[in-house]
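Numbers restart at 1 for each chain; the letters A, B, ... are given by sequence-line order, proteins then strands.
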Amino acid sequence: MSQQEPTSNFIRNIIEDDLEQGRRDAVVTRFPPEPNGYLHIGHAKSICLNFGLAEDFKGRCHLRFDDTNPVKEEDEYVEAIKDDLRWLGFDWGEHLYFASNYFEQLYQYAEKLIEKGKAYVCSLPPEKIRELRGTLTEPGQESPYRERSIEENLDLFRKMREGEFADGEHVLRAKIDMASGNLNMRDPVLYRILHAAHHRTGDSWCIYPMYDFAHGQSDSIEGVTHSICTLEFADHRPLYDWLVQELEIFAPQQIEFARLNLSYTVMSKRKLLQLVTEKRVSGWDDPRMPTLVGMRRRGYPPEAIRDFCDRIGVGKADSRIDLSVLEDTVREQLNESAPRRQAVLDPLKVIITNLPQDEIECSAANHPQKPELGKRSLPLTREIVIERSDFMEDPPKKFFRLGPGREVRLRNGCIIRCDEVEKNETGEVIALHCSCDPETFGANPKDGRKIKGTIHWVSATRGAQVPVRLYDRLFCDENPDKLEDFHQGINPESLQEITAWVEPQLLKAEAGEAFQFERVGYFTADGNDSTPGSPVFNRTVTLRDTWAKVQNK
RNA sequence: UGGGGCGUCGCCAAGUGGUAAGGCACCGGAUUUUGAUUCCGGCAUUCGCAGGUUCGAACCCUGCCGCCCCAGCCA
């Protein structure tokens, strides 16, 4: 992968400047997922950014679960997220944290705020709070409970903690400015009552801090210097800074960047969850999903995803990256690492009428550009199958494949000529009768004739048939998010299940192993459905196909 | 109409007053027992628009235009 200097971005510039000016003497970042769902490629951008920055500036990056909402979070997700992170290749070392570990500290911070007269218990019902918040253009109105005494606030807040009230009865609010143009500053709710068991703290608490009262303080407690988040939190920064200042604690700097959007896919957890619950896909790890588990199952190497995150850059402009960028990184990675094999997706029988022996052992390189990866043998028999699309009865001049009377090279084998086309009653071509030139195994024709085309094949008697899933983009609309209903953009042909012919070697494929099926694409043995001796292949990505491009003109 | 953010090639993105990096895509052409890979070459006289400052502006100033986000006791 690219060893050159990472391209600069505004966050790097800020950090470099902070270091040079002496505002900071170390770099501490963090990746703060909420354990309420699976990670997707958008999270990968944030992960690569945070861990990458820490690595480049010789600092550290924490993994902190932002678990302040017990009704949505589960331990199962914590483990899944850790697993994804490790798979991507990142290591948080000893720095695994949970916002819930700070609940007591956070509570003390809240009392401090009350004591400073900067927070109060508000007993308005939710609807009333919303009503008094005002609108985008009109200022809000102050809560009638805003001027409660410090003593009363403290007493009420302590009783909230003790469980003396029901959910929603009271709330702790910051006392800031109901007329602020920034809605987040209109006395935001800091704590709410929630009689719910938390995945880590169990029933110890019945009041839980809101995001705004947990995130910045958690950053502060951990000594995070640069708290990097997405653009929609920019409006929260004044509150983040206000809390840090009023609490008189270490001040991290929040920096916002634009979240990732990928063409032909949706990224919101809500929509992804919908795809799963509505059974439009087989699960969070369906190979068509933009989730990390899905991409892993599809066969995308983690290196490719990291390379992708490097290539797309970091900025503040809304953008949508073309899927081809991701596919390119996947191909680049797999081209290097995947052993080559032969497989036929859509078979057409070929009978080699004059093959000198029943079976000939052909030697094939596992990777033509890397002889060190060795060779394997490939059985060539009188009956083989080739790709239907490699034959045309009435081919155009530039078709370098098989046609009546035409010659073509069998990859890793010899040259054959199509002598006869066999059809059934309906006129469908069912087999080709060909003759071979036995002199051309591993050699060019003696008479100097040039054979332009090479096609792949599989022995019809020695090859095997295995299930293959051809995946395509989940959406045919470039930006499903802007559709009235994103379901309208779903690609009805995103999955095609077929039975393909593969060379004998492929039966030994192990779950997760990736291959290039020559001239077709990269395929990975499915991690869930493959069993020893009977792999199931997922098409990870096709090969570039300039011939298809020419044809479409 | 309040607050915040953004506008550099089809899609991303460097650039921070000295005369437009790079990647993807696209278009040639060479090599090739994968129409793959690899390799060469092409691809913004111009930076949302209009003025201004300057010897000189994508970068500074002014004014417009357009797009995104915010009214959860979600994160």
Side-chain angles (χ1 to χ4, degrees), chain A residues 2 4 7-9 13 32-34 36 66-69 71-73 122 124-126 129-131 133-140 167-173 179-186 188-194 208 210-212 214-215 229-238 256 258 263 269 310-329 331-332 335-336 340 342 364-365 368-369 398-401 409-415 440 442-444 451-456 516-521 542-550:
Chain A
S2 55
Q4 65 266 62
T7 54
S8 86
N9 61 55
N13 295 344
E34 182 187 12
N36 72 340
D66 228 336
D67 55 352
T68 55
N69 186 354
V71 306
K72 287 185 168 182
E73 297 144 6
C122 180
L124 250 22
I129 288 184
R130 194 180 317 126
E131 194 185 316
R133 188 153 31 223
T135 68
L136 293 180
T137 51
E138 300 156 23
D167 288 6
E169 242 181 281
H170 304 283
V171 97
L172 183 72
R173 292 228 256 169
S180 172
N182 183 342
L183 304 203
N184 294 118
M185 299 300 269
R186 321 241 263 225
V189 171
L190 267 20
Y191 264 92
R192 76 286 217 188
I193 299 170
L194 237 36
Y208 293 91
M210 297 288 290
Y211 164 85
D212 287 306
H215 201 97
C229 61
T230 44
L231 247 28
E232 64 270 27
F233 290 100
D235 287 339
H236 293 247
R237 183 162 18 99
E256 312 86 18
S263 64
K269 271 185 191 172
D310 285 344
R311 289 193 198 185
I312 60 177
V314 179
K316 300 185 75 159
D318 291 325
S319 64
R320 186 169 53 253
I321 309 290
D322 198 282
L323 231 205
S324 68
V325 179
L326 214 207
E327 291 184 337
D328 186 67
T329 63
R331 287 193 188 102
E332 185 175 300
N335 177 46
E336 281 296 306
R340 266 97 250 234
Q342 288 187 182
Q369 279 79 42
K398 299 287 274 291
F399 188 76
F400 307 141
R401 305 176 188 181
R409 173 176 286 283
L410 292 179
R411 175 78 171 155
N412 296 124
C414 60
I415 291 169
T440 56
N444 286 320
I451 280 37
K452 184 84 172 131
T454 297
I455 64 172
H456 56 98
Q516 183 197 95
F517 289 180
E518 287 190 299
R519 302 211 311 136
V520 180
T542 61
L543 246 33
R544 279 202 186 80
D545 190 351
T546 53
W547 168 244
K549 215 178 281 174
V550 169

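With a glycosidic angle no more than 90° from 0, G72(B) adopts the syn conformation.
In this structure, Phe517(A) and Asn13(A) both approach RNA chain B, and ranking their closest nucleotides by distance from the 5' end singles out Asn13(A). For the pair Ala234(A) and Thr546(A), nearest-nucleotide mapping onto RNA chain B gives the more 5' position to Ala234(A).
For Arg340(A) and U34(B), a side-chain-to-base donor-acceptor distance below 3.5 Å is present, hydrogens and geometry of angles not being considered. Residue side chain Asn182(A) does not reach the base of G4(B) through any donor-acceptor N/O pair under 3.5 Å, judged by distance alone. Checked by distance alone, His456(A) brings no side-chain donor or acceptor within 3.5 Å of a matching partner on the base of A36(B). Remark: the Glu327(A) side chain and the A25(B) base include no donor-acceptor N/O pair separated by less than 3.5 Å.
Note on ring orientation: taking the six-membered ring where Trp is involved, the planes of His236(A) and Tyr211(A) are perpendicular (angle over 60°, cut-offs 30° and 60°).
The listed nucleotides are C74(B), C6(B), C24(B); the one nearest the side chain of Lys72(A) is C74(B). The side chain of Trp547(A) sits closest to G35(B) out of G35(B), C74(B), A13(B). Among A25(B), G15(B), C73(B), the nucleotide with an atom closest to any side-chain atom of Met210(A) is C73(B). Side chain of Glu232(A), nearest nucleotide from G7(B), C69(B), C70(B): C69(B). The Arg519(A) side chain lies nearest to U34(B) when the options are A75(B), U34(B), G3(B). Taking only side-chain atoms of Ser319(A), from C-beta outward, the nucleotide of G15(B), A13(B), C69(B) with the closest atom is A13(B). Considering only the side chain of Glu34(A), A75(B) comes nearest among G23(B), A75(B), C73(B). Set against C12(B), G72(B), C24(B), the side chain of Arg130(A) has G72(B) as its closest nucleotide. Listed candidates were G35(B), C73(B), U34(B). Nearest to the side chain of Phe400(A) is G35(B).
The interatomic distance linking Arg320(A) (CZ) with G7(B) (C1') rounds to 15 Å, in whole Å. The distance from atom CZ of Arg173(A) to atom C1' of G72(B) is 13 Å, rounded to the nearest whole Å. Atom CG of Asn335(A) is separated from atom P of U38(B) by 6 Å (rounded to the nearest Å). The nearest whole Å value for the distance from the CG atom in Asn69(A) to the P atom in G72(B) is 16 Å. Here U8(B) presents its P atom at 17 Å from CG of Asn9(A), a figure rounded to the nearest Å. Arg331(A) places its CZ atom 8 Å from the P atom of U37(B), with the value rounded to the nearest Å. Rounded to an integer number of Å, the gap from Asn184(A) CG to C70(B) P is 11 Å. Regarding Asp67(A), its CG atom lies at a distance of 12 Å from the C1' atom of A75(B), rounded to whole Å.
Contact annotation for His236(A): base contact, defined as any heavy-atom pair under 4.0 Å involving a base atom.
Using the Watson-Crick or G-U wobble rule with both distances under 3.5 Å, U38(B) pairs with A30(B). Across all strands shown, nothing is found opposite U16(B) as a Watson-Crick or G-U wobble partner with both distances under 3.5 Å. Checking C67(B) for Watson-Crick or G-U wobble geometry (two distances, each under 3.5 Å) identifies G5(B) as its partner.
Contact check, Arg544(A) against A25(B): a side-chain N or O comes under 4.0 Å of OP1 or OP2. At G72(B), none of the side-chain N or O atoms of Arg192(A) fall inside 4.0 Å of OP1 or OP2 (strictly under the cut-off). Side-chain N/O atoms of Ser180(A) include none lying less than 4.0 angstrom from OP1 or OP2 on G2(B). Here Lys316(A) does not reach the OP1 or OP2 of C69(B): none of its side-chain N or O atoms lies under 4.0 Å away.
Remark: Glu327(A) pairs with no residue by the salt bridge (Lys or Arg N to Asp or Glu O under 4.0 Å) rule, at least two apart or across chains. With sequence neighbours excluded, the residues forming a side-chain contact (heavy atoms from CB on, under 4.5 Å) with Val189(A) are Val171(A), Arg173(A), Met210(A), listed by chain and number.
From Asn36(A), atom CG reaches atom CG of Asn69(A) across 8.5 Å, with rounding to the nearest 0.5 Å.
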Detail all sub-3.5 Å separations between protein N/O atoms and N/O atoms belonging to nucleotides 31-33 of chain B.
residue, atom, partner, partner atom, Å
U33(B), O3', Arg411(A), NH1, 3.3
U33(B), O2', Arg411(A), NH1, 2.1
U33(B), O2, Asn412(A), N, 2.9
U33(B), N3, Arg409(A), NH1, 3.2
U33(B), O4, Arg409(A), NH1, 3.1
U33(B), O4, Gly442(A), N, 2.7

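Contact of the Trp547(A) side chain with the Phe400(A) side chain is not registered, since no non-hydrogen atoms from C-beta on lie closer than 4.5 Å.
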